[in-house]
Structures are given as structure tokens and as C-alpha cells.
Amino acid sequence: MTATSLRTHRCGALSRSDAGQTVRLGGWVHRRRDLGGLIFIDMRDRDGLVQLSFDPRWTSLEVMRRAAGVGVESVVLVEGEVALRPESARDTSMSTREIEVHVTGFTVAGPADTPPIPVARKENEALPAEELRLRHRVLDLRRPELQANLVLRHRLLQRARQTLTDLEFLEIETPILTKPTPEGARDYLVPSRIHRGEFYALPQSPQIYKQLLMVAGYDRYFQLARCFRDEDLRADRQPEFTQIDLEASFVSAEDVQLVVERVLVDLWHVADVRVPHPFPRLAFQEAMEKYGIDKPDLRYDLEIRDLTPLVGADSAPFVHEEVATGGRLRGIVTPGGAALTRKALDGLAALARDARAGGLIWARRTAEGWEGQGVKAVGATSLDALGGQAGDLLVAVVGADAVTSPALHLLRGELIRLAALPQRRAHAFCWIVDFPLFEQDPASGDYLPAHHPFTAPHPDDIGRLASDPGSCRALHYDAVYNGNELGSGSIRITDPETQRHIFGLLGIPDRDIRRRFGFLLDGLAAGAPPHGGFALGFDRIAMLLAGAPSLRDVIAFPKTTAARALFEGAPTPVNPADLTALHLAVRSDD
RNA sequence: GGGGCUGUAGCUCAGCUUGGUUAGAGUGCCGCACUGUCACUGCGGAGGUCGCGGGUUCGAGCCCCGUCAGCCCCGCCA
């Protein structure tokens, strides 16, 4: 239903099959070319461009005059006949370049001031500074690139709705004004006018609500949920963001993963990518061992190897010392890496040093054998035992896994880049499973939930919950794509006693458990089905599929890295009277 | 909370290394000419708090200190 009482078509939708038709159009002046006796205007709407042709043969003098005076970005209403362009002036690379509109009627409906930033850019013309793009967001949003991003975003949201609806999930909204949760990220707080000194919080996620919906018998829930976290931002992090949030009852972890895979495969299909599935599963430990990180980029095969068994008599003393204190010698053999320059190796060494992994050990494999400083460190005999092929490069670090893993992850990425290793696949999804249930605070030794405190322990590990919590795995899983975490989920604790026990392990006093999570525990005690769920970071998915460099390019009105909205100007001071009504006073002394 | 980069005409940038006459270019904007352009073309013109404040100096866009804003990263983000 493109046609309205003011227009018959969208500009970008016209093609040669419309030739001869009289049309009415509404759109924006993209560019104007005034040849004196002839005027051409490129007119734009969300579908694309069409050329308007003003010629005294079919255009009145009055309309010629108006067309000559219209500024770019003005909104105009046009009437005319679609015509094939003269043979000499046709460009078939774009369907709309075969045709033009012979204008007979022309009104400037919305004149525009000269735009402070350009919408129509020349080839290779740089984008304005992002600050200006955010300040003049309406103009920036007119750019065809951003319009394409937001159209894609819409189609992805609709696809997610459809897929989950087909899978019998119910879309249920949960409150935006909710209860503060002292754990996790900082909450955005909203003061209550009616209740002096009391506050709502904006949800960091609908976690507890969706669990309670399972208890309430809704079986399968989803929501395109807005979430809010008052933390410092990054290119891939906004203070308010959208999750595809879902939860299902009577499910195993594999059941949830199957649903999420369906959603992801369908979303990638919207972007014309066919994804093979089921996705491979990788245990957390295995991911750390082979890739040094829990979100490996599996587009490349390069893996980390444990070289500790090779350490022998002629290995350097510092290697023996690290191994004796529980460290390991781990490295990466890069085919063709021996061609890397000394400067590139110095760069890798700096990377290792920045990751606090100490010195980088390296060696090149030539036709004669291994060469380089690594021969001394690892030992000639040990390296011979490693084997390898001429052209290989070994880089290695020695120390505790907690240090070497992150360092090797960075080294792996850099080696892939430097050696220009081929991608084995362009779209590498995987599941990371068997996460640890707790992380130990390195300073205090306290146990913290690795994810959130509602995650169920792995049934095989429940026996060690009290004796050795650090070794317990969780029924928690992450979806990973090309080295990006797309989302995470888990099977939840449904036994109120277990839930209380976990809260206790986390050091939350009994009275606080009651105050903070009473409504959850009461819910679990009301007859809770086994359930679990997932949350996908939708903005990041849209960013990846749009090929955008920043979340800000897939969000209509985003915030800056200082959480400011430059366009509308938020946050902002408020009237003292409004503060008084909320029982608030602003301190200026700190 | 910490580190880095950037800030000069409406926009994109040069000028900063080595302080010194009137701060330039492209584009956009304004005016004139132009009947097949599509980055129209040609001629002419206007347009500057060099982010802001302080300091050094005979003299600061340039050096120093502070500050604001944007971006990137670390911390943080159960």
C-alpha cells in the first residue's frame, strides 16, 4: 500500500515498466543540476532515487522557476509522466537510470535550510565527524546506508518474531519500572514521587520475570526486550539495548540451543547467508585450551598446542622454573609464518608483554631445522621432537594458564592477520558449553557467579557444590559467531533450597536473600517446572549483519560513549520544582 | 576511575616538526551564464572566537598547564 492521497509510487520503485504512466511522488531533493534551460533533480525516498526532468517542452515557466529555486533536502511533491530517457542518456546499471519523470506539477511542501552536514555525498567523500552526525541525526538518518541498516533491523526483528511464534513461543511484555538488583551491572534508577525515598530500577534484563512466567505456566516466552545498564560504553555497547529474550519449560540445554539455532539460522537467512547447522559444541575448557578464549573465532583452524611435554634437559632454566610452579609452555605453530619480518615478531613480543605473559619465545623452521631465540629457550632436542615443516613459525609463552591463555588468544589473532591465513569458513558459529559455575575473586578468594546466580549446576557436579565449588560446571551456554559472543543462556535453578544454597555460597545474608529475591523464591516454591532460556544481543547481531562498524549505525537515536544523546540533548538538568516533587536534592559539593 | 587519538571556513582537511607579513585547498553556500545533465560546466563572491580558559614570549593556530566534547581501549558490563 505505497499509494496515498498524495503519491502513487515511491521514487526508487519506478522502473521502465512504468513508462507512460502519470505519477505523483513525494520525496527529498537529493541533488540538482541546473543547465539553464533544462533542470534535473535527483529525488530521493527510502526506496531510492529517481531523476526529475524539467524541460520547457512539458514544464510550465512557473514550475521551471520553482525548480530552479529549490534547495537540497527540501521535501517536494511532484506530478509528471514516467518516460524512458533519451538513448544517449541512459545508464542501465540502475533500473531507475533508464527512466525519468517529465515534471508537470511541482510544489515545495517542506523547504529545508541548507543542511549543516551533507546527505548526498560524492564518491569517496568522507563522512562528517560522528559528533556532528549524532547532533544532526535526522539528516544522518536520511543517508541511504543508515536507511538500509534500519530496514534490515526491522526485517530481523520481524523474522525473530515469526520464527519464535512458529515455535509456539508467546510474546509477553514485562515491566520497565522494576526492582533494583544489587548484583551485576549498575542500575538506572527512577525516583518514586508517591513513595518518598524509594526508587524503581530499569531492568538490566527481564531475567526473573521470565522465570516467573514459566512458573505461571506460560511454557514458552519471548520478548524483544529493552534492557538498561549504567556502565561505561564501547563501540559494541550502549546503555540501552535490545535482547531477543526467551525462556521455555520442560527443556534441556540442548532443547534451548535448538531453538536459538533456529532463530540464528533464520536471521542470517534474512541477510542472505545460509548457515550450516547444528552448530559445533565446544566445552569451555577445550575452548580455553585450543584458543585461549571462551569466544573463539573458528573461521580459522590455527590452534594452541601444549608444549610442556617437550620440555627437557636442554630447555632453558626459566622454562623449567615456570613448569615446576605449575605453569605450562604453550604455543602456536603458524604455517608460512617463518616469512614474518623481525619487526612483525617484535610486534608479537610487545603484544605478549602487554598481556603480561613475559617474553615471547619464537623459532622459525627452515629446511635445516629450527632457528631463532626459541631454540635456546625450548631446547634444540625438544624442538626437533616438535617436528613441523619448513616455513613454520613457532611462537610460545610459558606460565600459568590464566596468563598464557589471554596472551595466546591475542597472538593467534595477530598471527592470522600477519600471515594472512585463509578462512576455512566465512560464518563460524559454535556453542560454548560446560562453563564453570563460579569464578574466584583473585584478591579476596570469594566465589562469584560466573554468569548469574540463577544458573543450575551441572548434575554431575552437584556433589562437589559444598566441598569444591570452584570445580563445578554450570548448565550454561554461549552462542559464538566469528569470535563474537551473540548471547548466553542456561538451565535455571528450580529448587528453592538449591537457590538459597547458591545465594549463601555467594555470601548473601539470609535476610538480604528474602528482601532481594523473595518474590523469586516464593515463585519457585509455588510449583516450578524445569526451565531454561537464552538472550541474544540483538543490536550486535544487527551490526554484524549490516557490516556496520558500530552499534550506533544500527540504532536510530544512539547515545555517545559518555551516554549522552546529542540530538535530543539528554540527560539534562530538571526544574527544582520537579526535584522537590520527587523528594530529591542535587548535591554540588562532590 | 585510567590511558590514547582527534578538535582550524557549513562540511572534509592542509598549516603545527623549526612561534614571525594578510591562516589556505576541495566541497557546500550566494550571484551571473548555460537546452540532456547525472560529482553538470564556466566565471565571480561571501564565509574563520584556529573547541574553551589560563600561562610562556616582543609576538602563539603552532610551545606549556588546565578544561570541555567526540572516538578507541583498559577497568567495569552477574
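Just so it is clear, the model here is predicted, and its values are computed rather than measured. Chain A is the first sequence line, chain B the second, and so forth, proteins listed ahead of strands; every chain is numbered from 1.
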**Study point:** Electrostatic pair A:Asp539:A:Arg237 at N-O distance under 4.0 angstrom
**Key:** no
Whole-Å distance, A:Asp140 CG to B:C71 P, equals 13 Å
Quick test of your reading of the model: are A:Arg33 and A:Asp42 salt-bridged, counting only N-O distances below 4.0 Å?
yes
By the Watson-Crick or G-U definition, both distances under 3.5 Å, B:G66 is matched with B:C52
Test item: A:Val554 and A:Phe538 side chains (from C-beta on) under 4.5 Å apart, heavy atoms = no
With a 4.0 Å cut-off on N to O distance, would you call A:Arg143 and A:Asp553 a salt bridge? no
**OP:** For B:C73 versus B:C29, give the span between their C1' atoms, rounded off to a whole number of Å.
**Re:** 40 Å
- prompt: Among side-chain atoms of A:Gln223 and A:Thr174, is any donor-acceptor pair under 3.5 angstrom?
  reply: yes
- Query: Got a salt bridge between A:Lys343 and A:Asp346, using NZ or NE/NH1/NH2 to carboxylate O under 4.0 Å?
  - Reply: no
To the nearest angstrom, the CG-C1' distance between A:Leu127 and B:G10 comes to 16 Å
Nucleotide by nucleotide, nucleotides 31-43 of chain B touches protein heavy atoms under 4.0 Å in the pattern (B base, S sugar-phosphate only, - none) ---BBBBBBB---
Here the distance between atom C1' of B:C77 and atom CG of A:Asp187, to the nearest Å, is 12 Å
Taking B:C72 as the reference, what is the distance to B:G55 when you measure between their P atoms (whole Å, please)? 35 Å
Partner of B:C71 under the Watson-Crick or G-U wobble criteria, both distances under 3.5 Å, comes out as B:G4
Ring pair (Phe, Tyr, Trp, His ring centres under 6.0 Å) pairs touching residues 549-573 of chain A, sequence neighbours excluded, are A:Phe557-A:Phe567
Contacts satisfying salt bridge (Lys or Arg N to Asp or Glu O under 4.0 Å) that involve residues 430-440 of chain A (not counting sequence neighbours) are A:Asp434-A:Arg473
For this session: Quick one: label A:Ile39 by what it contacts on the DNA or RNA (base, sugar-phosphate, nothing), any heavy atom closer than 4.0 Å.
Result: nothing
Between B:U8 and B:G48 - P atom distance, rounded Å: 15 Å
(message) Taking B:G61 as the reference, what is the distance to B:U6 when you measure between their C1' atoms (whole Å, please)?
(response) 15 Å
Result for 5'-nearest mapping on RNA chain B, choosing between A:Pro118 and A:Thr114, is A:Pro118
Handout entry: P spacing across the pair B:G54 / B:U18, given as an integer number of angstrom
Key = 27 Å
Here the distance between atom P of B:G70 and atom CD of A:Glu131, to the nearest Å, is 6 Å
Taken to the nearest whole Å, CZ/A:Arg143 to C1'/B:U12 is 14 Å
| request: For A:Leu132, answer base if it contacts any base atom (sugar-phosphate contacts may also be present), sugar-phosphate if it contacts only those atoms, and nothing otherwise; contact means non-hydrogen atoms under 4.0 Å. | output: sugar-phosphate
Answer for the Watson-Crick or wobble partner of B:A39, both distances under 3.5 Å, is none
| request: For B:C77 and B:A60, measure between their P atoms and round to the nearest Å. | output: 49 Å
The Watson-Crick or G-U wobble partner of B:G24, with both key distances under 3.5 Å, is B:C13
A:Arg135 CZ to B:G10 P, in whole Å, measures 15 Å
In B/S/- notation (B base, S sugar-phosphate only, - none; protein heavy atoms under 4.0 Å), nucleotides 1-7 of chain B written 5' to 3' is B------
Review point. Does the distance from a Lys or Arg side-chain N to an Asp or Glu carboxylate O, for A:Arg492 and A:Glu247, drop under 4.0 Å?
Key: yes
Taking atom P in both B:G51 and B:C13, compute the distance separating them and give it to the nearest angstrom.
-> 14 Å
**Asked** Would you call A:Glu240 and A:Lys559 a salt bridge, using N to O less than 4.0 angstrom?
**Response** yes
Separation of B:C30 atom P from A:Asp113 atom CG, nearest Å, is 12 Å
With sequence neighbours left out, the residues meeting side chain to side chain donor-acceptor pair (under 3.5 Å) with A:Asp401 are A:Arg328
Expected list for residues 548-573 of chain A near RNA chain B, using heavy atoms below 4.0 Å, is A:Arg552, A:Thr560, A:Thr561, A:Ala562, A:Arg564, A:Leu566
Open item on the list: Roughly how many Å apart are B:G3 and B:A9, using the C1' atom of each and rounding to a whole number?
Closed with: 33 Å
Taken to the nearest whole Å, CD/A:Gln204 to C1'/B:C76 is 12 Å
Heavy-atom side-chain contact between A:Ile493 and A:Pro457 under 4.5 Å: yes
Q) For residues A:Tyr221 and A:Asp245, is any side-chain donor paired with an opposing acceptor at under 3.5 Å? A) yes
